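The structure appears right after this line, and notes come after that.
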Amino acid sequence: MYDVAIIGGGSAGYAAARTAGAAGLRAVVIEGGKEIGGLCILRGCMPSKALLFAAEVLHLARAGKTWGLRIPKAGFDFTAMMARKKALIDDFARHRRKELAGGNFKFIRARAQFVDDHTLALSDAGLAGSGRSAAVPKTISARHFIICTGSTSAPSPVPRLAEIGYLTSDEALSLSWLPKSLIVLGGGPVAVELAQFFCRLDVKVTLLQRGEYLLREFDCDAAVVLAKVLRREGVRLCSNTKLIEAFRQGREKGISFRHNDRANKVTAQEILFALGRIPVTAGLGLEKIGLGTEEGRIVTNAQMQTALAHIYAAGDCTGPDQIVHIGIEQGEIAAHNIANAVHKRAMDYRLLASVAFTDPQVASVGLTEKVAHARGVPFLAASYQLSDHGKAQIMAANDGFVKLLADPRTGEILGAACVAPMGGEFVHEIIAAMHKHMTVHELAAMPHYHPTMAEIWNYPAAELAGRIKEA
Ligand SMILES: Cc1cc2nc3c(=O)[nH]c(=O)nc-3n(C[C@H](O)[C@H](O)[C@H](O)COP(=O)(O)OP(=O)(O)OC[C@H]3O[C@@H](n4cnc5c(N)ncnc54)[C@H](O)[C@@H]3O)c2cc1C
């Protein structure tokens, strides 16, 4: 009998296993995917960011004239770009395989399913030739479980799309050919990142989204800047659309939709479906142990415990967000709480951050204005435009801004957002500040090197500090 059995060896599962092993628990990880590595390494964060960076370098080279450079023709070799991405991913995955195989826990290649609330049935069918463990037991028992089974692309709700065929991000990140034109369905981070990537590789991109603004988890001031940039680069953006159905027209695929209450349609060589992902819970046998889901999610409390006290969940299968460092923290907390009956830890989403790795990047931490309004949280906000900032002007990075939200009484920083080159990097200054409950007065008084992008935080901090009397 194991102390803890972890189902899924992705980012959350590996973090849980490492933590459980270090705490002296007898732990086992069961991984049933065809490849080992998890979404982040194989088909998520890492391959997408490797490709986005290549397209960003191309874009800068093509804009070389701005800085007085003569780069006669900056082009690209799609096969070479994909090969570099693949080499990086293979290396990351090799490293993860080593960590899983050589960890302070047992690693089994099999698919797991609950047969009762302390027993998993294991099956290694279909895993031949994919690093299968030598001898897979038929069942294993454990005192505790951590479900870390991740997420998968949501099924398409668009009539006839499944029959016509489409790409998900999985396929889009490993294409061997570049379509001439592409319809992107969705307005979230994966949709906008890939829309800009393909557009920068000269693909004619049309993005259809339901809402009025892109990136609904951010405030609309950020979405407005990103929409302007994408349109300027050549993406055709249609918001407020209602998708009607997919169709074929000759060799092309098409989507008919209503836009501002008018019938419309668009055709392209390919369609990228980026309308979201759903938790992987099917086939886990949750019904056999009476563990329900809500909208597909395995619901947990802040200690990552499900309705069955000895079963925990972490990562995309529980959410509420699908962000890798959150999944890792959830996995660590679940394992910690199993090992420590007294000093339990709980997730704190106060520092929840989001980043869309477009160029400029869109990043936020803590409260957005939208959420603050919805929750009735009093706040003061101040923004500063990149176009007024010296370092941004040097970089010709005029699209974007930084924004701080502060408690109107104490000045404590409640949230921040930025649309800026490397915005995902420099929002971390505010994550650190908020981690330590800093006020805008303290941030404004902090030294910042000149000329840097980071010093721009001084402006909204100083403005808010001037408006809020120090407590
Ligand atoms: C295109 C794209 C880009 C992304 N970019 C970012 C980004 O930039 N930053 C960010 O924070 N997040 C990003 N994400 C999200 C991030 O990748 C996920 O949040 C994270 O990888 C989820 O980790 P996980 O451990 O929950 O799931 P996974 O890594 O998917 O691991 C789940 C594992 O469980 C296994 N499994 C499932 N069922 C069973 C079973 N019954 N038995 C045994 N094993 C099973 C699977 O084989 C899999 O290996 C991106 C996602 C996508 C799709």
Side-chain angles (χ1 to χ4, degrees), residues 5-17 28-53 92-93 96-97 100 107-114 120-127 130-131 136 140 145-154 167-174 186 188-194 197 272-286 297-298 313-332 334 352-358 361-363 424:
I6 296 147
I7 311 174
S11 302
Y14 171 63
V28 57
V29 178
I30 304 133
E31 168 53 56
K34 284 224 157 54
E35 291 170 277
I36 302 175
L39 179 65
C40 170
I41 292 176
L42 300 172
R43 288 176 295 275
C45 327
M46 301 313 267
S48 60
K49 272 75 236 183
L51 293 177
L52 289 170
F53 187 72
F92 298 144
R96 176 50 50 88
R97 282 197 296 274
L100 282 166
F107 180 57
I108 296 181
R109 293 284 285 126
R111 288 200 79 74
Q113 183 180 50
F114 283 99
L120 294 173
L122 304 188
S123 145
D124 63 352
L127 294 180
S130 56
V136 172
I140 59 162
F145 296 86
I146 309 178
I147 306 174
C148 304
T149 45
S151 62
T152 186
S153 277
L167 308 173
T168 65
S169 56
D170 290 0
E171 293 84 33
L173 292 172
S174 52
V190 172
V192 290
E193 288 173 5
L194 289 176
F197 168 72
L272 170 63
F273 178 85
L275 285 168
R277 298 178 64 84
I278 53 166
V280 171
T281 54
L284 267 178
L286 298 185
R297 283 179 53 211
I298 301 172
D316 282 10
C317 66
T318 179
D321 299 283
Q322 292 169 352
I323 298 176
V324 77
H325 75 276
I326 298 289
I328 291 172
E329 193 181 349
Q330 291 174 336
E332 288 168 351
L352 187 71
S354 295
V355 180
F357 289 86
T358 45
Q361 295 178 5
V362 184

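As the structure lists them, so they are numbered: ligands from 1, and atoms in each ligand from 1. This is a predicted model, so every value here is computed, not measured.
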As a check for students: among H325, R96, R277, identify the option with a heavy atom nearest to atom 53 (C) of ligand 1. R277
Quiz: residues 36-44 side-chain donor-acceptor pairs under 3.5 angstrom, not counting sequence neighbours:
unit_1	atom_1	unit_2	atom_2	d
R43	NH1	E35	OE1	3.4

What do you reckon, does R111 have a nitrogen or oxygen under 3.5 Å from a nitrogen or oxygen of ligand 1? yes
Contact check: G32 vs ligand 1, nitrogen or oxygen atoms, below 3.5 angstrom: yes
Under 4.0 Å from any heavy atom of I7, which atoms of ligand 1 are there? 40 (C), 42 (N), 43 (C)
Keeping Q113 on the side-chain end and A121 on the backbone end, is there a donor-acceptor pair under 3.5 Å? no
State which residues pass side chain to side chain contact (heavy atoms under 4.5 Å, CB included) with L286; sequence neighbours excluded, sorted by chain then number. F114, I147, T281, L284, I289, L291, T293, I298
Short N or O distance, V324 and ligand 1, threshold 3.5 Å exclusive: yes
Quick one: which of L42, T149, D316 has a heavy atom closest to atom 19 (O) of ligand 1? D316
Proximity winner for atom 48 (C) of ligand 1, if only heavy atoms of E31, Q330, E193 are counted: E31
Could a heavy atom of A112 be found less than 4.0 Å from some atom of ligand 1? yes
Donor-acceptor check, side chain of E171 to backbone of T168, threshold 3.5 angstrom: yes or no? yes
What's the shortest distance from atom 14 (N) of ligand 1 to any protein heavy atom, and which residue and atom give it? C45 SG, 3.8 Å
of all protein heavy atoms, closest to atom 28 (P) of ligand 1 is L39 N, 3.7 Å
